[in-house]
There are 2 protein chains.
Amino acid sequence: MNAAETQKTADFLKALGEFNRLSLVYELCRCESSQNAMCLCECCSVDASVVSRHLKVLAERDIVTFDKVGREKTYRLNRNEVATQLRELADLIENKDCKRGHHDV
Amino acid sequence: MNAAETQKTADFLKALGEFNRLSLVYELCRCESSQNAMCLCECCSVDASVVSRHLKVLAERDIVTFDKVGREKTYRLNRNEVATQLRELADLIENKDCKRGHHDV
DNA sequence: GCTATAATTGCACGATTGTGCAAATATGCA
DNA sequence: TGCATATTTGCACAATCGTGCAATTATAGC
(Lines give C-alpha, C1' and ligand atoms only; values in the text may rest on other atoms or scores of the structure.)
Protein backbone atom coordinates (compact mmCIF):
# COMPACT_ATOMS: atom_id res chain seq x y z
CA MET A 1 0.00 0.00 0.00
CA ASN A 2 1.85 3.06 -1.18
CA ALA A 3 1.48 6.54 0.21
CA ALA A 4 -0.48 7.93 -2.73
CA GLU A 5 -3.08 5.18 -2.55
CA THR A 6 -3.33 5.57 1.19
CA GLN A 7 -3.84 9.29 0.83
CA LYS A 8 -6.51 8.75 -1.79
CA THR A 9 -8.41 6.34 0.39
CA ALA A 10 -8.07 8.65 3.38
CA ASP A 11 -9.43 11.56 1.33
CA PHE A 12 -12.37 9.45 0.23
CA LEU A 13 -13.19 8.46 3.80
CA LYS A 14 -12.70 11.99 5.05
CA ALA A 15 -15.13 13.29 2.45
CA LEU A 16 -17.76 10.89 3.79
CA GLY A 17 -16.76 11.46 7.41
CA GLU A 18 -18.44 14.76 8.05
CA PHE A 19 -21.95 15.00 9.41
CA ASN A 20 -23.56 17.27 6.82
CA ARG A 21 -21.82 15.63 3.89
CA LEU A 22 -22.89 12.20 5.07
CA SER A 23 -26.41 13.56 5.51
CA LEU A 24 -26.35 14.70 1.89
CA VAL A 25 -25.20 11.26 0.82
CA TYR A 26 -28.01 9.63 2.78
CA GLU A 27 -30.47 12.08 1.29
CA LEU A 28 -29.30 11.27 -2.22
CA CYS A 29 -29.43 7.62 -1.28
CA ARG A 30 -33.11 7.98 -0.57
CA CYS A 31 -33.81 9.53 -3.95
CA GLU A 32 -34.20 7.47 -7.04
CA SER A 33 -33.82 10.50 -9.30
CA SER A 34 -31.27 13.28 -9.36
CA GLN A 35 -31.77 16.19 -7.00
CA ASN A 36 -30.72 19.76 -7.32
CA ALA A 37 -28.80 21.52 -4.62
CA MET A 38 -31.75 23.62 -3.44
CA CYS A 39 -33.70 20.47 -2.76
CA LEU A 40 -30.73 18.95 -0.95
CA CYS A 41 -30.41 22.04 1.20
CA GLU A 42 -33.52 21.00 3.05
CA CYS A 43 -31.96 17.91 4.53
CA CYS A 44 -29.31 19.80 6.46
CA SER A 45 -29.98 23.11 8.07
CA VAL A 46 -27.12 25.10 6.69
CA ASP A 47 -26.70 27.87 4.19
CA ALA A 48 -26.96 27.07 0.48
CA SER A 49 -23.35 28.09 0.03
CA VAL A 50 -22.30 25.46 2.54
CA VAL A 51 -24.25 22.77 0.71
CA SER A 52 -22.63 23.91 -2.51
CA ARG A 53 -19.18 23.50 -1.00
CA HIS A 54 -19.97 20.10 0.51
CA LEU A 55 -21.32 18.86 -2.81
CA LYS A 56 -18.14 20.06 -4.46
CA VAL A 57 -16.05 17.99 -2.05
CA LEU A 58 -18.21 14.94 -2.69
CA ALA A 59 -17.92 15.45 -6.44
CA GLU A 60 -14.13 15.80 -6.23
CA ARG A 61 -13.95 12.37 -4.63
CA ASP A 62 -16.35 10.93 -7.19
CA ILE A 63 -18.90 10.21 -4.52
CA VAL A 64 -21.55 12.15 -6.41
CA THR A 65 -21.90 13.23 -10.02
CA PHE A 66 -23.97 16.06 -11.42
CA ASP A 67 -25.62 17.15 -14.59
CA LYS A 68 -26.21 20.73 -15.43
CA VAL A 69 -29.75 21.36 -16.62
CA GLY A 70 -30.47 24.97 -17.20
CA ARG A 71 -29.41 26.94 -14.18
CA GLU A 72 -29.72 23.96 -11.91
CA LYS A 73 -27.25 21.23 -11.15
CA THR A 74 -28.80 17.90 -10.40
CA TYR A 75 -26.78 15.52 -8.30
CA ARG A 76 -26.89 11.78 -8.00
CA LEU A 77 -25.01 9.35 -5.82
CA ASN A 78 -22.41 7.14 -7.48
CA ARG A 79 -23.85 4.15 -5.72
CA ASN A 80 -21.82 1.39 -7.29
CA GLU A 81 -18.50 3.17 -7.19
CA VAL A 82 -18.85 4.21 -3.56
CA ALA A 83 -20.10 0.81 -2.47
CA THR A 84 -17.28 -0.89 -4.34
CA GLN A 85 -14.64 1.29 -2.71
CA LEU A 86 -16.04 0.58 0.72
CA ARG A 87 -16.18 -3.16 0.06
CA GLU A 88 -12.64 -3.23 -1.26
CA LEU A 89 -11.47 -1.57 1.92
CA ALA A 90 -13.51 -4.03 3.96
CA ASP A 91 -11.92 -6.93 2.12
CA LEU A 92 -8.45 -5.53 2.64
CA ILE A 93 -9.04 -5.00 6.32
CA GLU A 94 -10.57 -8.39 6.79
CA ASN A 95 -7.47 -9.51 5.05
CA LYS A 96 -8.02 -11.98 2.33
CA ASP A 97 -4.51 -11.69 0.98
CA CYS A 98 -2.03 -9.62 2.93
CA LYS A 99 -1.42 -11.43 6.17
CA ARG A 100 1.46 -13.49 4.84
CA GLY A 101 3.45 -10.83 3.01
CA HIS A 102 4.96 -9.19 6.08
CA HIS A 103 6.59 -5.86 5.37
CA ASP A 104 6.56 -6.40 1.65
CA VAL A 105 7.31 -2.82 0.84
CA MET B 1 -31.34 7.46 9.49
CA ASN B 2 -31.37 9.61 12.61
CA ALA B 3 -28.84 12.25 13.50
CA ALA B 4 -27.11 10.23 16.21
CA GLU B 5 -26.50 7.29 13.89
CA THR B 6 -25.32 9.59 11.15
CA GLN B 7 -22.91 11.27 13.53
CA LYS B 8 -21.61 7.92 14.72
CA THR B 9 -20.96 6.73 11.19
CA ALA B 10 -19.34 10.04 10.30
CA ASP B 11 -17.04 9.78 13.32
CA PHE B 12 -16.07 6.24 12.33
CA LEU B 13 -15.23 7.33 8.79
CA LYS B 14 -13.41 10.41 10.01
CA ALA B 15 -11.26 8.27 12.29
CA LEU B 16 -10.21 6.18 9.29
CA GLY B 17 -9.95 9.19 7.01
CA GLU B 18 -6.62 10.58 8.11
CA PHE B 19 -3.39 9.57 6.44
CA ASN B 20 -1.36 8.51 9.46
CA ARG B 21 -4.27 6.78 11.15
CA LEU B 22 -5.09 4.86 7.99
CA SER B 23 -1.39 3.95 7.72
CA LEU B 24 -1.56 2.54 11.23
CA VAL B 25 -4.63 0.54 10.29
CA TYR B 26 -2.87 -0.84 7.22
CA GLU B 27 0.19 -1.67 9.29
CA LEU B 28 -1.94 -3.55 11.82
CA CYS B 29 -3.68 -5.19 8.90
CA ARG B 30 -0.36 -6.63 7.81
CA CYS B 31 0.37 -8.08 11.23
CA GLU B 32 -1.12 -11.34 12.36
CA SER B 33 -0.16 -10.67 15.97
CA SER B 34 -0.68 -7.64 18.17
CA GLN B 35 1.82 -4.82 17.92
CA ASN B 36 2.89 -2.30 20.50
CA ALA B 37 2.90 1.39 19.80
CA MET B 38 6.67 1.63 19.49
CA CYS B 39 6.61 -0.90 16.70
CA LEU B 40 3.76 0.93 15.02
CA CYS B 41 5.67 4.19 15.22
CA GLU B 42 7.97 2.95 12.51
CA CYS B 43 5.27 2.88 9.85
CA CYS B 44 4.59 6.59 10.02
CA SER B 45 7.32 9.09 10.58
CA VAL B 46 5.83 11.05 13.42
CA ASP B 47 6.51 11.43 17.09
CA ALA B 48 5.53 8.64 19.47
CA SER B 49 3.08 10.99 21.17
CA VAL B 50 1.30 11.50 17.89
CA VAL B 51 0.99 7.76 17.35
CA SER B 52 -0.34 7.45 20.86
CA ARG B 53 -3.04 10.00 20.15
CA HIS B 54 -3.98 8.44 16.83
CA LEU B 55 -4.28 5.01 18.39
CA LYS B 56 -6.50 6.52 21.07
CA VAL B 57 -8.84 7.88 18.39
CA LEU B 58 -8.93 4.51 16.64
CA ALA B 59 -9.65 2.77 19.93
CA GLU B 60 -12.45 5.20 20.78
CA ARG B 61 -14.18 4.22 17.53
CA ASP B 62 -13.57 0.52 18.19
CA ILE B 63 -11.38 0.25 15.15
CA VAL B 64 -8.55 -1.17 17.21
CA THR B 65 -8.40 -2.88 20.59
CA PHE B 66 -5.47 -3.18 22.91
CA ASP B 67 -4.16 -5.31 25.72
CA LYS B 68 -1.87 -4.01 28.34
CA VAL B 69 1.07 -6.30 28.92
CA GLY B 70 3.54 -4.86 31.34
CA ARG B 71 4.41 -1.36 30.34
CA GLU B 72 3.46 -1.97 26.76
CA LYS B 73 0.11 -1.78 25.07
CA THR B 74 -0.34 -4.17 22.21
CA TYR B 75 -2.85 -3.21 19.58
CA ARG B 76 -4.78 -5.30 17.13
CA LEU B 77 -7.19 -4.40 14.40
CA ASN B 78 -10.87 -5.24 14.92
CA ARG B 79 -11.01 -6.75 11.47
CA ASN B 80 -14.50 -8.16 11.49
CA GLU B 81 -16.18 -5.21 13.15
CA VAL B 82 -14.56 -2.66 10.88
CA ALA B 83 -15.22 -4.71 7.74
CA THR B 84 -18.81 -5.22 8.80
CA GLN B 85 -19.40 -1.53 9.36
CA LEU B 86 -17.95 -0.70 5.96
CA ARG B 87 -20.07 -3.35 4.24
CA GLU B 88 -23.22 -2.20 5.98
CA LEU B 89 -22.58 1.29 4.71
CA ALA B 90 -21.87 -0.07 1.23
CA ASP B 91 -25.16 -1.98 1.29
CA LEU B 92 -27.05 1.08 2.44
CA ILE B 93 -25.53 3.23 -0.25
CA GLU B 94 -26.10 0.67 -2.95
CA ASN B 95 -29.58 0.71 -1.61
CA LYS B 96 -31.13 -2.63 -1.08
CA ASP B 97 -34.01 -1.32 0.92
CA CYS B 98 -34.46 2.41 1.15
CA LYS B 99 -35.25 3.60 -2.37
CA ARG B 100 -38.96 3.16 -1.96
CA GLY B 101 -39.46 4.80 1.45
CA HIS B 102 -39.14 8.39 0.34
CA HIS B 103 -38.80 10.84 3.20
CA ASP B 104 -39.82 8.30 5.77
CA VAL B 105 -38.59 10.38 8.65
C1' DG C 1 -33.38 44.28 -22.38
C1' DC C 2 -34.99 43.30 -17.07
C1' DT C 3 -36.01 40.45 -13.17
C1' DA C 4 -36.10 36.27 -10.49
C1' DT C 5 -33.93 32.14 -9.16
C1' DA C 6 -29.83 28.70 -8.72
C1' DA C 7 -25.37 28.26 -7.64
C1' DT C 8 -20.67 29.82 -6.62
C1' DT C 9 -17.14 32.71 -4.63
C1' DG C 10 -14.70 35.95 -1.47
C1' DC C 11 -14.16 37.12 3.04
C1' DA C 12 -14.02 36.61 7.84
C1' DC C 13 -14.35 34.00 11.96
C1' DG C 14 -14.28 30.46 15.46
C1' DA C 15 -13.46 25.64 16.20
C1' DT C 16 -11.08 21.64 15.44
C1' DT C 17 -7.09 19.03 14.20
C1' DG C 18 -2.38 17.23 13.57
C1' DT C 19 1.94 17.92 15.23
C1' DG C 20 6.49 18.22 18.11
C1' DC C 21 8.64 18.85 22.27
C1' DA C 22 9.20 18.46 27.05
C1' DA C 23 7.48 16.78 31.25
C1' DA C 24 4.97 13.38 33.69
C1' DT C 25 3.44 8.72 34.58
C1' DA C 26 3.76 3.72 34.62
C1' DT C 27 6.16 -0.35 34.70
C1' DG C 28 10.03 -3.71 34.18
C1' DC C 29 14.53 -4.97 35.63
C1' DA C 30 18.90 -4.90 38.03
C1' DT D 1 15.94 1.73 45.43
C1' DG D 2 17.38 3.54 41.04
C1' DC D 3 17.53 3.49 36.13
C1' DA D 4 15.67 2.42 31.51
C1' DT D 5 11.90 2.02 28.51
C1' DA D 6 6.83 2.62 26.98
C1' DT D 7 3.19 5.56 26.92
C1' DT D 8 0.50 9.63 27.98
C1' DT D 9 -0.28 14.46 28.84
C1' DG D 10 0.25 19.58 28.77
C1' DC D 11 1.39 23.20 26.00
C1' DA D 12 1.92 25.82 21.95
C1' DC D 13 1.40 26.57 17.17
C1' DA D 14 0.23 26.36 12.31
C1' DA D 15 -2.99 24.53 9.18
C1' DT D 16 -7.33 22.99 7.93
C1' DC D 17 -12.23 23.06 8.19
C1' DG D 18 -17.15 24.28 8.57
C1' DT D 19 -19.86 28.07 8.53
C1' DG D 20 -22.72 32.50 7.37
C1' DC D 21 -23.21 36.52 4.88
C1' DA D 22 -22.78 39.41 1.02
C1' DA D 23 -21.54 39.85 -3.60
C1' DT D 24 -21.14 37.67 -8.02
C1' DT D 25 -22.13 34.73 -11.93
C1' DA D 26 -25.22 32.04 -14.82
C1' DT D 27 -29.43 31.20 -16.75
C1' DA D 28 -34.57 30.96 -17.38
C1' DG D 29 -38.63 33.49 -18.41
C1' DC D 30 -41.03 37.71 -19.21
Side-chain angles (χ1 to χ4, degrees), chain A residues 3-4 6-28 31 33-61 63-77, chain B residues 3-4 6-28 31 33-61 63-77:
Chain A
T6 303
Q7 186 65 66
K8 194 151 177 288
T9 305
D11 289 341
F12 168 73
L13 294 167
K14 188 179 296 187
L16 287 175
E18 197 276 333
F19 182 81
N20 283 324
R21 279 197 297 271
L22 190 57
S23 300
L24 287 168
V25 167
Y26 284 156
E27 181 65 23
L28 282 170
C31 304
S33 57
S34 299
Q35 300 291 317
N36 66 26
M38 283 298 100
C39 167
L40 291 167
C41 270
E42 293 164 23
C43 86
C44 43
S45 52
V46 289
D47 194 78
S49 66
V50 174
V51 172
S52 171
R53 278 185 257 254
H54 280 319
L55 288 170
K56 186 164 180 243
V57 171
L58 293 173
E60 279 167 358
R61 305 296 169 215
I63 293 165
V64 303
T65 322
F66 58 86
D67 288 311
K68 202 148 188 302
V69 297
R71 69 189 157 195
E72 298 181 3
K73 269 181 170 176
T74 68
Y75 291 86
R76 65 184 177 285
L77 188 55
Chain B
T6 302
Q7 186 65 65
K8 195 152 177 285
T9 305
D11 289 341
F12 168 74
L13 294 167
K14 188 179 293 185
L16 286 175
E18 197 277 332
F19 182 80
N20 283 323
R21 279 197 296 271
L22 190 57
S23 301
L24 287 168
V25 167
Y26 284 157
E27 180 66 24
L28 282 169
C31 305
S33 58
S34 299
Q35 301 289 318
N36 65 28
M38 284 296 101
C39 167
L40 292 167
C41 270
E42 293 163 23
C43 86
C44 45
S45 53
V46 289
D47 195 77
S49 66
V50 174
V51 171
S52 170
R53 279 184 256 251
H54 280 320
L55 288 169
K56 185 164 179 244
V57 171
L58 293 173
E60 279 166 359
R61 305 296 168 214
I63 294 166
V64 301
T65 323
F66 58 85
D67 288 311
K68 202 150 189 303
V69 298
R71 71 188 153 195
E72 298 181 3
K73 269 181 170 177
T74 69
Y75 290 86
R76 65 183 178 285
L77 188 55

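A quick note: this is a predicted structure, and the numbers were derived from the prediction, not measured. The figures here come from the full heavy-atom set of this structure, side chains too, leaving out hydrogens, waters and symmetry mates. Order of the sequence lines fixes the chain letters, A, B, ..., with proteins taken first and strands second; residue numbering starts at 1 for each chain.
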Mind checking if A:Phe66 touches a base, just sugar-phosphate, or nothing, with heavy atoms under 4.0 Å? nothing
Looking at every strand, decide which applies to B:Tyr75 at a 4.0 Å heavy-atom threshold: base, sugar-phosphate, or nothing. sugar-phosphate
Starting at [atom1] of [X] and ending at [atom2] of [N], how long is that distance when rounded to a whole Å?
X: B:Gln7; N: C:dT16; atom1: CD; atom2: P; value: 12 Å
X: B:Leu55; N: C:dT19; atom1: CG; atom2: P; value: 12 Å
X: A:Phe19; N: C:dT16; atom1: CZ; atom2: C1'; value: 17 Å
X: A:Lys73; N: C:dT9; atom1: NZ; atom2: C1'; value: 12 Å

For C:dA7, does OP1 or OP2 lie under 4.0 Å from any side-chain N or O of A:Ser52? no
Residues passing the salt bridge (Lys or Arg N to Asp or Glu O under 4.0 Å) test with B:Arg76, sequence neighbours excluded, are B:Asp67
Just the atom pairs and distances: protein N or O near nucleotides 25-28 of chain C's N or O, under 3.5 Å.
{"unit_1": "C:dT27", "atom_1": "O2", "unit_2": "B:Arg71", "atom_2": "NH1", "d": "3.4"}

Are B:Leu55 and B:Phe66 packed together at the side-chain level, in the sense that at least one heavy-atom pair is separated by less than 4.5 angstrom? no
Under the side-chain hydrogen bond (donor to acceptor under 3.5 Å, both in side chains) rule, what pairs show up with a residue in residues 37-52 of chain B, not counting sequence neighbours? B:Asp47-B:Ser49
Expected string for nucleotides 10-25 of chain D under the B/S/- scheme (protein heavy atoms, under 4.0 Å, primed atoms plus P, OP1, OP2 as sugar-phosphate) is BB------SBBB----
Angle, rounded to 10°, between the helical axes spanning five pairs at each terminus of the helix from C:dG1-D:dC30 to C:dA30-D:dT1? 20°
B:Ala15 backbone acceptor or donor facing B:Arg21 side chain under 3.5 Å: yes
Hits for ring pair (Phe, Tyr, Trp, His ring centres under 6.0 Å) against A:Phe12, two or more places apart or cross-chain, chain-then-number order -> none
